[in-house]
Q: 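Before I ask anything, here is the structure I am working with.
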Amino acid sequence: MGSFLTNYAPEIFYVLCGIVCFDTALRALKNEQSKIPTFLFWLLLGIIFAGGKFLPPVVTGALLVVMGVITVTGNLKMGKFEEASYEFKKAAADKLGNKIFIPAITVGVMAFVLAFVKYTEYVPDATTGELVATTKSLNGAIMTGVGCVLALILAFIICKPKVKETREDSARLLMTVGASSLLPQLLGALQSIFTAAGVGAVISTIVSAIIPEGNIFAGVIVYCFGMVIFTMIMGNAFAAFSVITIGIGYPFLIAHGGNPAVIGALGMTCGYCGTLMTPMAANFNIVPCAVLETKDPRWAIIKTQAPVALILIVVHIVLMLVLAF
């Protein structure tokens, strides 16, 4: 059971993601412009998801390069979709009311509940080779995937849509997001690359030439702004956390008596301030612009969030100085 949950269960949900991409690729064949390139983009993305870890890394890399060429040459287009009338939307909204939010809430609730589920897996001991029982948590893909499948079932029960309508709207939403749907995966990979390349050590060397030895105040400022800037570059505070904490947080704060729990917690949430101000955090700042069809498709949400983010950065610096030392 443990081996299944570790090795195969996550792949089931990745395959489902691939199927959605394949369906979007078929819908792209109805495009009036860039029919074949758009079809190819979503087809290749579906292959990457469905193939998963069974694809050789070099093959996945080559597919991503092709997808990148399609995107930068402007050949990834959104097809034309029939827009529902305002009257129809109003009638549907009045009929469903707040029940429409149940599927969306279900995803978060299920992921939260499943986060507490543990299972036992037997792995060989590095020294003796004997099987040792290890307690593990469910993979994030399983937690989110189960929530999404349950949410889809509830959506069919509550809204009673036709399958054709569901496929059409799924393709429309995915095409609206476009190449930004790749950013979470690419940025997650970037974290591993930065860590393996020793970027944290390089940053530590650079910062040591700037910050006077034992200057806690300067160390806190550099750590907080380092988290913000790297989060803006990488689009993800989790990706920035390991690099900046290894390079700045430990040698300049924790090693000088700082409380690691406080520094780690505030460092992570300080990174979230960077999330509020970067287009690289596509799922937070770009996707909503596309879905809501704002006048400014890239910066509308960021412009609204930036003043609050800047204030919170200062608050984090003050809290870290007061609580961690």
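Not measured: the values here are computed from a predicted model.
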Q: Please tell me if the side chains of Met277 and Leu310 come closer than 4.5 Å, counting only heavy atoms from C-beta onward.
A: yes
Q: Please examine the side chains of Ile100 and Ile158, heavy atoms only from C-beta on, and report whether any two atoms are closer than 4.5 Å.
A: no
Q: State, to 0.1 Å, how close Met227 and Met268 come at their nearest heavy-atom pair, and which atoms those are.
A: CE-CA, 4.3 Å
Q: Quick one: does Thr38's side chain have a donor or acceptor within less than 3.5 Å of a partner on Asn75's backbone?
A: yes
Q: Are side-chain heavy atoms of Val20 and Phe49 found at a separation under 4.5 Å?
A: no
Q: Looking at CG of Leu64 and CG of Leu45, how far apart are the two atoms once the value is rounded to the nearest 0.5 Å?
A: 8.5 Å
Q: Phe156 versus Thr166: any side-chain heavy-atom pair under 4.5 Å?
A: yes
Q: State the OG1-CG distance between Thr24 and Leu43, to the nearest 0.5 angstrom.
A: 11.0 Å
Q: Measuring only between side-chain heavy atoms, which start at C-beta, is Arg27 closer than 4.5 Å to Trp42?
A: no
Q: Please check if the number of heavy atoms outside Phe217 that lie under 6.0 Å from its CZ is greater than 12.
A: no
Q: Would you kindly confirm whether Val308 and Ile302 end up in one hydrophobic cluster when ILVMFWY residues are joined by side chain heavy atoms under 4.5 Å apart?
A: no
Q: Tell me whether Val149 shares a hydrophobic cluster with Val146, the cluster being built from Ile, Leu, Val, Met, Phe, Trp, Tyr side chains joined at under 4.5 Å.
A: yes
Q: Once you round to the nearest 0.5 Å, how far does CZ of Phe54 lie from CD of Glu11?
A: 5.5 Å
Q: Identify whether Val163 and Leu154 are in the same connected component of the hydrophobic contact network (ILVMFWY, side-chain heavy atoms under 4.5 Å).
A: no
Q: CD1 of Ile221 to CD1 of Ile248: how many Å apart, nearest 0.5 Å?
A: 12.5 Å
Q: What closest approach, in Å, do Ala50 and Val15 show between heavy atoms, and which atom pair accounts for it?
A: O-CG2, 3.8 Å
Q: For the residue pair Phe13 and Thr144, establish whether any side-chain heavy-atom pair is separated by less than 4.5 Å.
A: no
Q: For Phe22, I'd like to know if atom CZ has over 12 heavy atoms of other residues, nucleotides or ligands within 6.0 Å.
A: yes
Q: So, taking the atom named CD1 in Ile229 and the one named OG1 in Thr278, what distance separates them when rounded to the nearest 0.5 Å?
A: 12.0 Å
Q: Same hydrophobic cluster for Val220 and Tyr272, using side-chain heavy-atom links shorter than 4.5 Å among ILVMFWY?
A: yes
Q: Let me confirm one number: the CD1-CG distance from Ile47 to Leu63, rounded to the nearest 0.5 Å.
A: 6.5 Å
Q: Would you say Leu253 and Ile246 are hydrophobically clustered, going by side-chain heavy atoms of ILVMFWY under 4.5 Å?
A: no
Q: Which atom pairs, donor and acceptor, lie under 3.5 Å between side-chain atoms of residues 314-325 and protein residues at least two apart or in another chain?
A:
unit_1: His316; atom_1: ND1; unit_2: Leu312; atom_2: O; d: 2.7
unit_1: His316; atom_1: NE2; unit_2: Thr269; atom_2: OG1; d: 2.7
unit_1: His316; atom_1: NE2; unit_2: Cys270; atom_2: N; d: 3.4

Q: Counting C-beta onward and ignoring hydrogens, is there a side-chain heavy-atom pair between Val107 and Cys148 closer than 4.5 Å?
A: yes
Q: I want to check something: taking the side chain as every heavy atom from C-beta on, are Thr176 and Arg172 in contact at a cut-off of under 4.5 Å?
A: yes
Q: Would you confirm whether Asn285, through its side chain, and Thr275, through its main-chain N or O, come within 3.5 Å as a donor-acceptor pair?
A: yes
